[in-house]
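Okay, structure first, notes after.
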Amino acid sequence: MPKVMIVYASLTGNTEQCAEIVEQTFRELGAEVELIESYSADPTYFEDVDIAIVGTYTYGTDANLPDEIVDFYEELEELDLSGKIYGTFGSGDTFYEKYCKSVDDFSEQFDKTGAVKGAESVKVDLDPEEEDTKNLQAFAKSLLDTFNNQ
């Protein structure tokens, strides 16, 4: 049974809803999963799991990382996560030019760790609708498939 950790940052609750959908999907698929808020997480926690996931929102017109996940982001780059599978998702607002940029920032950071991207990132416009729920469920299944096929 693979071990999965989902670290997330959520201001309005939208990204937290997404994280809960991913968590529930992994549970239904038989994975051992832990969901943790970014301010309580340390990137080294990912060393003890098979699948590492970050969910984040993007803040403001400059498309900044949320303050509560900046340290986590910076420390993540220093890890060697070779052999691990990663995935990223998040919420944003299509009103902004750099829609969900923090999701892409985390994908780039994971690439530096040697982890393997196990699914395409999922970006949700504001709160998750029915189609977003399906995309998040498919995201979790793809991560698990990638793990099982490595």
Side-chain angles (χ1 to χ4, degrees), residues 1-29 31-129 132-133 135-137 139-140 142-144 146-147:
M1 175 178 0
K3 289 184 178 181
V4 179
M5 179 171 285
I6 305 165
V7 174
Y8 73 94
S10 188
L11 180 67
T12 61
N14 294 340
T15 304
E16 183 175 16
Q17 285 180 330
C18 294
E20 289 169 350
I21 292 165
V22 174
E23 175 192 27
Q24 181 61 35
T25 303
F26 273 113
R27 288 194 193 287
E28 291 170 1
L29 295 170
E32 181 182 326
V33 61
E34 183 175 357
L35 181 64
I36 186 167
E37 292 186 63
S38 61
Y39 60 79
S40 300
D42 185 299
T44 60
Y45 295 173
F46 284 151
E47 295 174 343
D48 299 324
V49 300
D50 303 302
I51 301 173
I53 303 169
V54 170
T56 185
Y57 64 97
T58 301
Y59 188 75
T61 56
D62 292 331
N64 295 319
L65 287 167
D67 288 343
E68 66 268 28
I69 204 166
V70 169
D71 288 344
F72 187 93
Y73 172 84
E74 291 172 351
E75 293 168 12
L76 179 63
E77 181 179 9
E78 300 167 15
L79 297 181
D80 179 359
L81 297 179
S82 299
K84 310 287 183 188
I85 305 298
Y86 83 84
T88 58
F89 67 89
S91 63
D93 188 337
T94 54
F95 171 81
Y96 294 106
E97 183 180 333
K98 297 177 183 174
Y99 173 64
C100 286
K101 182 180 178 298
S102 292
V103 174
D104 298 332
D105 291 343
F106 263 101
S107 290
E108 291 172 11
Q109 201 73 324
F110 267 119
D111 286 340
K112 295 175 186 175
T113 70
V116 174
K117 185 174 187 174
E120 289 303 313
S121 299
V122 176
K123 298 177 180 180
V124 175
D125 186 22
L126 303 174
D127 60 324
E129 303 288 334
D132 299 311
T133 297
N135 290 339
L136 289 163
Q137 291 168 335
F139 168 80
S142 179
L143 288 166
L144 194 57
T146 301
F147 171 77

Apply side-chain contact (heavy atoms from CB on, under 4.5 Å) to Val4 and Phe147, showing your working. CA-CA 11 Å; Val4 179; Phe147 171 77; over 6 Å; no

Is any NZ, NE, NH1 or NH2 atom of the basic residue among Lys98 and Asp104 found under 4.0 Å from an Asp or Glu carboxylate oxygen of the other? no

Distance-minimising heavy-atom pair for Val33 and Ile6: CG2-CD1, 3.8 Å

Nearest heavy-atom neighbours spanning Ala9 and Glu68: CB-OE2, 3.9 Å

Heavy-atom donor-acceptor pair, Ser142 side chain to Gly118 backbone, under 3.5 Å: yes

Kindly give the heavy-atom pair with the smallest separation between Gly55 and Thr15, and that separation in Å. C-CG2, 3.6 Å

Counting only heavy atoms from other residues, nucleotides and ligands, does the tally under 6.0 Å from OH of Tyr73 exceed 12? yes

Asp71 and Tyr39: side-chain donor and acceptor closer than 3.5 Å? no

Considering residues, nucleotides and ligands other than Glu120, do more than 12 of their heavy atoms fall under 6.0 Å from its CD? no

Kindly determine whether Phe46 and Phe72 satisfy ring-ring contact (aromatic ring centres under 6.0 Å, His included), including the steps that lead there. CA-CA 11 Å; Phe46 284 151; Phe72 187 93; 5.7 Å; yes

Angle class for the Phe110/Phe106 ring planes (parallel below 30°, perpendicular above 60°, tilted otherwise)? tilted

Please say which of Glu23, Glu20, Gln17, Glu16 ends up in a side-chain hydrogen bond (donor to acceptor under 3.5 Å, both in side chains) with Tyr8. Glu16

When you compare the side chain of Ile21 with that of Pro128, does any pair of heavy atoms fall below 4.5 Å? yes

Is the NZ atom of Lys3 crowded by more than 12 outside heavy atoms at less than 6.0 Å? no

How would you list, by chain and number, every residue that makes a side chain to side chain donor-acceptor pair (under 3.5 Å) with Thr12, sequence neighbours excluded? Asn14

Please check if the number of heavy atoms outside Asp67 that lie under 6.0 Å from its CG is greater than 12. no

Indicate the atoms forming the closest heavy-atom contact of Ala140 with Thr25, along with that distance. CB-CG2, 3.7 Å

For the side chain of Ser10 and the backbone of Tyr57, is there at least one donor-acceptor N/O pair under 3.5 Å apart? no

Closest heavy-atom pair and its distance - Asp50, Pro2: OD2-CA, 3.3 Å

Where the side chain of Lys84 meets the backbone of Val49, is there a donor-acceptor pair that is under 3.5 Å apart? yes

Are the side chain of Ser91 and the backbone of Val124 linked by a donor-acceptor contact shorter than 3.5 Å? no

Show the numbers, then the answer: is there a side-chain contact (heavy atoms from CB on, under 4.5 Å) between Gln109 and Asp105? CA-CA 6 Å; Gln109 201 73 324; Asp105 291 343; over 6 Å; no

Run the side-chain contact (heavy atoms from CB on, under 4.5 Å) test against Val70 and tell me which residues pass, sequence neighbours left out. Leu65, Glu74

Heavy-atom check, side chain of Val54 versus side chain of Ile69, under 4.5 Å: yes

For Thr88 versus Ser107, what's the shortest heavy-atom pair and its separation? OG1-OG, 2.7 Å

Pair up each side-chain donor or acceptor in residues 75-83 with any protein partner under 3.5 Å, not counting sequence neighbours, and list the distances.
| from | atom 1 | to | atom 2 | distance (Å) |
| --- | --- | --- | --- | --- |
| Asp80 | OD1 | Ser82 | N | 3.0 |
| Asp80 | OD1 | Ser82 | OG | 2.6 |

Which one of Ile53, Val103, Thr56, Asn135 satisfies the side-chain contact (heavy atoms from CB on, under 4.5 Å) criterion with Phe89? Ile53

From Ile85 CD1 over to Leu143 CG, what is the distance, rounded to the nearest 0.5 angstrom? 8.0 Å

Donor-acceptor pair, Thr58 side chain versus Lys101 backbone, under 3.5 Å? yes

